Amino acid sequence: MKSARMVERKVVIPNRLGIHARPAQLLAQEAGKYKARVVIEKDGVEVEARSILGLMMLVAAQGTVITVRAEGEDAQEAVDAIVRLVESGFGEE
Amino acid sequence: MALEHSGTETSPRERVIRGIPASTGIVEGTLLDIRPESAPAEIGVRDPDEEKERFLSAVDRLLEKIRHSQRYLTPELRGFLVFEEGVLRDRNFRSRVLRLIEAGYSAERAVSMTIEEFARPMEQAEFPVFQDRARELRALARVLAQEVRSGLPQHLTPEKGEILVSDHLSVQEAIEIVRNDFKGVILTRGGKTSHPVLLLRDFRVPLLIQTEDFPEENTTGTPAILDARRGIVVLWPSPQTREQYRRILEAWEHREAELLALREEETSTRDGLVVHLLANVELPEEIPLLKRLGIRGVGLLRTEMLFHTHQGVEEQEAFYRAIAEDMAPHPVTVRLFDLGGDKVLDLSQEANPFLGLRGVRVLLRAPHLLEAQLRAILRVHRHTRNLRIMIPMVTSLEEVLAVREILHRVAREEGLTEEGLPQLGMMIETPAAALMPDVFARHVSFFSIGTNDLTQYVLAIDRTHPILQTEFHHLHPAVLRLLWFSVRRAHKAGVWIGICGEMASDLEALPLLVALRVEELSMSPSVYLDAKGIIHALHGEATRNLLEQVLQASTLQEVRGLVRAFYREHLPEIAELILVNKEDLDGV
């Protein structure tokens, strides 16, 4: 078994409403596709990326910087996919 | 305030608590208090394994309900329910609740503590979108706690107390209360037009809502007199108070016996003006009561309850058939699913749900739902011939035409001819509809005025607004003028018109409704006998004079003053029985 890899990237929330209900849903769904354990951090608070409640509790509004961190064999893919999703503004303006 | 316990044989001192009467009647008994506070706040009271089971099965039941509701919705509407589902499936949420339960908290407490933990930072954020989500989370926590509680059926039997105390109720709980013959219900919060409240009232369960100073601590076992006529509950009543109530009850029962003797008679005024009195109904279980009272027809059959549990055509059919066959040959008016606003659908993304997707607007966007309902109605009507169909929340002619078109198509598929169709009517509950009966008249067979919503839209007051309750009133002169306008337009166009809203159950408003010459009043069965008695005692001509005065009135206060004076002049004995107290408490 490969040793666990840790990957992290920072990303700015671009959409007007931030990570509210629907984006949280999308992000949690995306994180669920990977074996790696993914967490999101904002201002020192860290939550499970698979938990919509946790994500919303961060109150990540437009312009906030969040850190996407993952650990596990597909950590790189997971982090890249989530950063892509965030950068796309979750398909919102 | 704590009840005084003197430690000797003497009972604590009598205490009177006021609330809003939501159904009439007076009963004496001991209290059974199921408010969530009564779920132990301290830890280690309940068995963690049982509590886990209660929590997990409540989540499953709720998910099942959500899944059910989604089946017939368009993708657009379905999105609104996805959030709730996502929260319930959130493993982080579940594991936190389970951890608290393991630490010894009750399932209800664990749910509300966990939701609070997530909701608080969202509420404190200065972004409205997060604050809204925080509110939704709390609502979800309440629903879930309710679901957890409904897994405790032993709560709802009257063995430990015959008068139930809760903060609010689910419809399922209300049904259980009726089935188990509770004497009365006190809801420390509870909205006047919420479904469980309407249901309890229809079953004539004495009911008091929004009591302000009800003791915070659990009151199970407290002796009490619930006087839903005056809108009070007396805790620890003194012997004198008991005696006084015994006398009042006697007089009341006497009057009821007199009115029941009139059951076979048509309802008409002394000068022969006939008014058809029908009932608002939600469940087949209510029909025996209607028959006992001699009520000839259902003017409003609410169907929203079916939406959660019985959406299939066959399931709906069984429901309509049970009621239609029981009522035949008298008419049963089925209101198509009236979703949205404050009912059933949580369209939480809407800034103004009452101005958003409601009634026919939802139906036309969820055609599967509409078709299934129409099909079930047609299949029953084919045999019973006594159903009518009523469209809710109409604002434009196109909506009526669209429903008609679907109705005709479904009828063709079912092999029904034009003549075999039920009457199609519509609600008048928006100012738009109220201003245009002549336009709609060419396409519908009847109108029915929903006064709750019409009042809300005319006065621009949210009918569920907690602070504006006293200003929200269907006797506001603006509402009365619009009613007068609508009724005349409908009659001129040759279409009959009825009232099925709250106003039809308001005995104070009754002389005005008689004066308006509406053909049909559909009311709560609980006021039927009183309404009949009042109409029998009225003179149609005298009510016309009252109406003329009232249409010139400037304020709600003035209207109520005129009505009060009318009652005192023309029906002094009845005025005594129905106007006392309730109005005194309103302070008008």
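We use all heavy atoms of the structure for the numbers below, so side chains are in, but hydrogens, waters and symmetry mates are not. Since the model is a prediction, treat every value here as computed from it, not as a measurement. Here is how names work: the chains are called A, B, and so on, in the same order as the sequence lines, proteins then strands, and each is numbered from 1.
Checking B/D90, B/N92, B/T114 one by one against A/L53, the side-chain contact (heavy atoms from CB on, under 4.5 Å) holds for a single residue, B/D90.
Heavy atoms of B/E117 lying under 4.5 Å from chain A belong exclusively to its backbone. Neither the backbone nor the side chain of A/L58 comes within contact range of chain B; no heavy atom of the residue lies under 4.5 Å from a heavy atom of that chain.
We find the CZ-CZ distance between A/R50 and B/R89 to be 15.5 Å, quoted to the nearest 0.5 Å.
A/M57 and B/P121 get closest at one heavy-atom pair: CG-CG, 3.2 Å. Across every non-hydrogen atom of B/F130 and A/L17, the tightest pair is CE1-O, 3.8 Å.
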